[in-house]
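These numbers come from the heavy atoms of this one structure, side chains and all, not from hydrogens, waters or symmetry mates. Both ligands and their constituent atoms are indexed starting at 1 by order of listing.
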Amino acid sequence: MKKISLLLIIIAFTACQKKESTTKHEVVKDSHSFSNPAEAVAKHLDLDIKVDFNTQTISGKASWQIENISKGNEIIFDENTLNITKVTLGDEEKETKFELGKEVEFHGKPLHITIEPNTTKVNIYYYTTKESIALQWLKPEQTADKKKPFVFSQGESIWSRTWIPCQDSPGIRFTYNAKVTVPKDLMAVMSAVNPQEKNDTGIYTFKQEKAIPSYLMAIAVGDIEFKPIDNRTGVYAEHTVIDKAKWEFGELGKMVNAAEKLFGPYQWGRYDVIVLPPSFPYGGMENPNLTFLTPTVLAGDRSLTSLLAHELGHSWSGNLVTNATWDDIWLNEGFTTYVEHRIGEEVFGVKEAKMQDVLSRKTLKNNLDEIGNDSPDSRLKVETKGRNPDDCLSEIPYEKGYAFLQTIEAVVGRKKFDEFLTNYFKAHAFQSITTEYFVAYFNKNLINGDKTLANKINLDDWVYKPGIPSNIITPVSEDFNSIDNIQKTWRKTGVKGLSQKIKSTNEKQHFIDYLPKDLTTEEITAIDKEFNFINGGNFVVRRQWFIKTIQNQYKDAYPAIEEFLTSYSRTGSLLPLYKEMIKTPEGKAWAKQIYAKAKAGYHATTVQAVEPLLK
Ligand code: BES
Ligand code: ZN
């Protein structure tokens, strides 16, 4: 009997898996969400919240329109660190039973709500707590203007449930309206159609009419202003930053046009960006209609705006077509890295693009050296079950994903691949898909039974195996070749005048990355004198230079490194420095000292990432 039921389970399971790979609307089991979308699924959110800086809480009501597919009597939401005070059903707000399940580390708890077969609306009353990871509450001194407090959210990957009770899976999409009450001297913006000026009621309303996954729910509240760049793009920032930001991102409209030319219409209406205070933990976050950005991109010379191309690219890969689970993140970041490079080529030209390509490969190589060529995390399709998806994130989905798509492009030709991508985005707009579904779609629409083509691409190895298949392309940049030549001679000829030959951020990064390991103090001093990297470099150049100076224990850079590590919370840029520091006992002690000072200003996700290193 036992054997038979086991067999039945296996058959049902494989049948399910097969279906999953060919049907697009299928609800896929996401191990990071407790929700039960196959039985009851949330479709639309009406959010009515108050943002209170005195208590540092968001409180209010999340009214979910639901579809009770199975006509059963339960819907399950995700929540983490919230206080749920009451749940009611329908417009008549009839109180109903709810129960929190067992807490699981990182995941929070399932919120079981009793519903009726014909329930279409569930109203959840709640407030956030100090532990809500998604929200960072900033004191005035942590902002650019230093006058008013600020709060922003970061939902990706599984943190939206710490500020809104939701079915927190990238495979579930919903539309939303929101009414947000904030202190009268502040303004609220969200991942939606946004206000362009402050009003005197402190009440702001939002509409997101496109169905989005929960990790793209976002809010920022502060003393912010808006300035247009053109009639479709613009920038939000604090007063002291707004003009700088408007200038820095002056090419935003051009980028949107370039992306549309390549991959089809921009489907979201406006595209604006907001520059957040320095504790924003990422370079950028592609919240729909309003990309959230680190202020570290404000270099003053537009030298770091390729990051915008990346976040904008997500308006196709990621926000239109989304990874159904966190195991499929490469569908999101790998495709976006490809789109980013293509936008970059259009806007900044082929020479820049070639340099970016070479840097990409170097990043991939470094990352593989770090995690190991045989690490399961070096597969494109990863297994993140039971882990914090943020911890599983490496350069692999980005750079191996990019290298894979470049390989396909090289094999089938750019024209055909562009057509494929444009159709792929269009066919799956506002849907979430798995890797298996993508593979099936790819085989049907691009391979089409052509075995030679399939062999040339070798998708299985790229997607399901660790390491890098041998058909990877090695990009070449002539500009970098000249720098490689300089690298061979400068130790004899000296560094004077080199800053006239090595000028752009990409060139400087390449030069720094390939400096010899055994640099003498005199050499480092001479290089820094020639280029003024420590004080004059942009954020990326300084980061790369600091890695070198830590490796070579160049003490003159230490105060600047300390300032760098305590001023920003851009995790991806801080980690390489910390990782380099902890390689020696003195370095580790120094890192701990700096971290102790910096921690209070760090974002919760930065703390999660840095702290384990220093144990
Ligand atoms: N969506 C990501 C940020 C992210 C990924 C947040 C996973 C949480 C979990 C964003 O698009 C991104 O990739 N940002 C990069 C910059 C980009 C230019 C590579 C970053 O912040 O480093
Ligand atoms: Zn991204």
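From the protein, the heavy atom lying nearest to atom 2 (C) of ligand 1 is E333 OE2, 3.2 Å.
The option with the heavy atom closest to atom 10 (C) of ligand 1, from among G313, P281, G318, G284, is G284.
The existence of a salt bridge linking R361 and D357 is excluded, since no basic side-chain nitrogen approaches an acidic carboxylate oxygen closer than 4.0 Å. Salt bridge absent: R302 and E352 never bring a charged side-chain N and a carboxylate O closer than 4.0 Å. A salt bridge links D377 and R387; the closest N-O separation between the charged side-chain nitrogens and carboxylate oxygens is under 4.0 Å.
Annotation for ligand 1: atoms under 4.0 Å from non-hydrogen atoms of Q154 are 6 (C), 8 (C). Within the listing of ligand 1, atoms 5 (C), 7 (C) sit less than 4.0 angstrom from a heavy atom of L393. Every atom of ligand 1 is numbered from 1 in the order shown, and the set under 4.0 Å from a heavy atom of Y398 is 2 (C), 5 (C), 12 (C), 13 (O), 19 (C). Counting atoms of ligand 1 from 1 in the listed order, those under 4.0 Å from a heavy atom of E311 are 10 (C), 11 (O), 12 (C), 14 (N), 16 (C).
For ligand 1, one of its N or O atoms has an N or O atom of E286 under 3.5 Å away. For a threshold of 3.5 Å applied to N or O pairs, the pair formed by G283 and ligand 1 contains at least one separation below that value. Polar contact with ligand 1: absent for R570 (N/O pair, distance under 3.5 Å). For ligand 1, the polar-atom distance check against H314 finds a nitrogen or oxygen pair separated by under 3.5 Å. Residue Y282 places no N or O, backbone or side chain, under 3.5 Å from any N or O of ligand 1. The shortest N/O to N/O separation between S157 and ligand 1 does not fall below 3.5 Å. Remark: ligand 1 and E156 share an N or O pair separated by less than 3.5 Å (distance only, no angle test).
Neither side chain, T605 nor Q154, offers a donor N or O lying under 3.5 Å from an acceptor on the other. Under the 3.5 Å distance criterion, with hydrogens and angles disregarded, no donor-acceptor pair is assigned to the side chains of N80 and T162. Under the 3.5 Å distance criterion, with hydrogens and angles disregarded, no donor-acceptor pair is assigned to the side chains of D30 and T325. Side-chain N/O atoms of Y437 and H428 include a donor and acceptor closer than 3.5 Å.
E286 lies apart from the Zn ion (ligand 2) in this respect, since none of its N, O or S atoms is found at a distance under 2.8 Å.
With a 4.0 Å heavy-atom cut-off, ligand 1 is reached by no atom of T294.
Note that the NE2 atom of H310 and the CD atom of E333 stand 4.0 Å from one another [nearest 0.5 Å].
When ring centroids are compared, W316 and Y424 stay outside the 6.0 Å threshold.
Between Y338 and Y402, the angle of the ring planes lies from 30° to 60°, which puts this pair in the tilted group.
Note on H310: its N/O/S atom closest to the Zn ion (ligand 2) is NE2. Within E333, the N, O or S atom lying nearest to the Zn ion (ligand 2) carries the name OE1.
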